[in-house]
Amino acid sequence: MTVARDLIGKGLYLRRGRQEFLVELVEVEAYLGPLDPASHAYRGPTPRARVMFEDGGLCYAYLSYGINYCMNVVTGRQGTGEAVLLRAAVPLAGVPAMRHNRGLGEDASQYLLTNGPGKLCQALGIDLRYNGKDFFRDDFKWVDLGKAVPPDAIAATPRIGITKAKDEPLRFVLRESRWLSRKFQV
DNA sequence: TCTATGATCGTA
DNA sequence: ACGATCATAGAG
């Protein structure tokens, strides 16, 4: 949870072939493991959730609603099943490719690029092949963007799109960001 | 601005 | 059958 908070404002870089992407994370959600009924780890290390139980630093990617992909950072030690869902980001590099991946024209609002977990993955070209990849290798890189994010710039709110444990404030957002999947309410 | 709905498929 | 989503349609 404090790990999730620390991801706000971090830069994530991805290279695929000749394409390079860089985004700044502005919205994440913590999923706490087997005791969290909203987590995919709730039923233990099933085939889908297996990488959630690996050591931290891996990518847990899955198909959501048969339509979109979503990506997580595994954050616990081996066996704990903790992960953080990446929900929204600011596009910093590779914007034309993201626009293409999203099927958006030049005139479409820039905020539609990466303001949701499915949109973020589509923009970056993330699919099931990225499940189990290492965010510290495998063409990913964490980038220090050099911005200090003061604690009061980050807000904690309930998680989105879940039915169980919906009241825990485990979604972390950069308060004033225009790139959130939903506007932060006071 | 909001609520409802359909698309679509891996997982359990 | 369900779901850590999204885009669209229609009402107010």
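What you see is a predicted model, and the numbers here were worked out from it, not measured in a lab.
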Asks: Describe the nucleic acid contact of A:T46 in one word from base, sugar-phosphate, nothing, applying a heavy-atom distance below 4.0 Å.
Replies: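 Sugar-phosphate only.
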Asks: Using a 4.0 Å heavy-atom cut-off across all strands, classify A:M71 as base, sugar-phosphate, or nothing.
Replies: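 Touches nothing.
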Asks: Over how many whole Å does the gap from A:L63 atom CG to C:dC2 atom P extend?
Replies: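 Distance check: A:L63 CG to C:dC2 P gives 18 Å.
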Asks: Grab the CD-C1' distance between A:E27 and C:dA4 for me, whole Å please.
Replies: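 Spelled out: CD on A:E27 to C1' on C:dA4 is 11 Å.
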Asks: Could you tell me whether the phosphate oxygens of C:dA4, OP1 or OP2, come under 4.0 Å of any side-chain nitrogen or oxygen in A:R171?
Replies: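 For C:dA4, OP1/OP2 do not have a side-chain N/O of A:R171 under 4.0 Å.
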Asks: Let's test this: given Watson-Crick or G-U wobble pairing with both distances under 3.5 Å, identify the partner of B:dT8.
Replies: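 Pair assignment: B:dT8 / none.
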Asks: Tell me which nucleotide, if any, is Watson-Crick or G-U wobble paired with C:dA4 when both distances must be under 3.5 Å.
Replies: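 Partner of C:dA4: none found under 3.5 Å.
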Asks: Distance check: side-chain N/O of A:S64 vs OP1/OP2 of C:dA4, anything under 4.0 Å?
Replies: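 So the side-chain polar atoms of A:S64 never come under 4.0 Å of the phosphate oxygens OP1 or OP2 of C:dA4.
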Asks: Taking the nucleotide of DNA chain C with the closest heavy atom to each, which residue, A:A83 or A:K119, is nearer the 5' end?
Replies: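 Closer to the 5' end of DNA chain C: A:A83.
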Asks: Check the angle between the aromatic planes of A:H40 and A:Y60 and answer parallel, tilted or perpendicular using the 30° and 60° thresholds.
Replies: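 It falls in the perpendicular class, over 60°.
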Asks: Is the base of C:dA4 touched by the side chain of A:Y62 through a donor-acceptor pair closer than 3.5 angstrom?
Replies: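 Such a pair is found, so the answer is yes.
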Asks: Think A:R159 forms a cation-pi with A:Y31, using NZ or CZ under 6.0 Å from the six-ring centre and within 45 degrees of its axis?
Replies: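 Verdict for A:Y31: a cation-pi partner in A:R159.
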Asks: Round to the nearest Å and state the distance from A:L104 atom CG to C:dT8 atom C1'.
Replies: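 About 15 Å, once rounded to whole Å.
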Asks: For the side chain of A:Y65, starting at C-beta, report the closest nucleotide among C:dA4, B:dA12, C:dG3.
Replies: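 For the A:Y65 side chain, the nearest candidate turns out to be C:dG3.
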Asks: Quick one: A:R43 CZ to C:dC2 P, roughly how many Å, whole number?
Replies: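 Result: 13 Å.
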Asks: I need the CG-P distance between A:N68 and B:dG6, as an integer number of Å.
Replies: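 It is 17 Å, rounded to the nearest whole Å.
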Asks: In whole angstrom, give the distance that lies between atom CG of A:N131 and atom C1' of C:dA4.
Replies: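 To the nearest whole Å, that distance equals 14 Å.
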Asks: Hey, quick one: are A:L86 and A:F136 part of the same hydrophobic cluster, counting side-chain heavy atoms closer than 4.5 Å, chains of contacts allowed?
Replies: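 Yes.
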Asks: Atom CG of A:L128 and atom C1' of B:dG10: how far apart are they, to the nearest Å?
Replies: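 The answer, rounded to whole Å, is 9 Å.
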Asks: If only side-chain N and O atoms of A:K166 are considered, is one of them under 4.0 Å from the OP1 or OP2 phosphate oxygen of C:dA4?
Replies: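 No, A:K166 has no side-chain N/O under 4.0 Å of OP1/OP2 on C:dA4.
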Asks: Which nucleotide in the list B:dT11, C:dT5, C:dA4 gets nearest to the side chain of A:I67?
Replies: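 So the nucleotide nearest the side chain must be C:dT5.
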Asks: Is A:R102 atom CZ crowded by more than 12 heavy atoms from other residues, nucleotides or ligands, each under 6.0 Å away?
Replies: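 More than 12 heavy atoms, drawn from other residues, nucleotides or ligands, come within 6.0 Å of this atom.
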Asks: Give the rounded distance in Å between these two atoms: CZ of A:R102 and P of C:dC6.
Replies: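 About 8 Å, once rounded to whole Å.
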Asks: Checking A:K133 side chain against A:R129 main chain: does a donor-acceptor pair fall under 3.5 Å?
Replies: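 Pair absent, no side-chain N/O of A:K133 close to backbone of A:R129.
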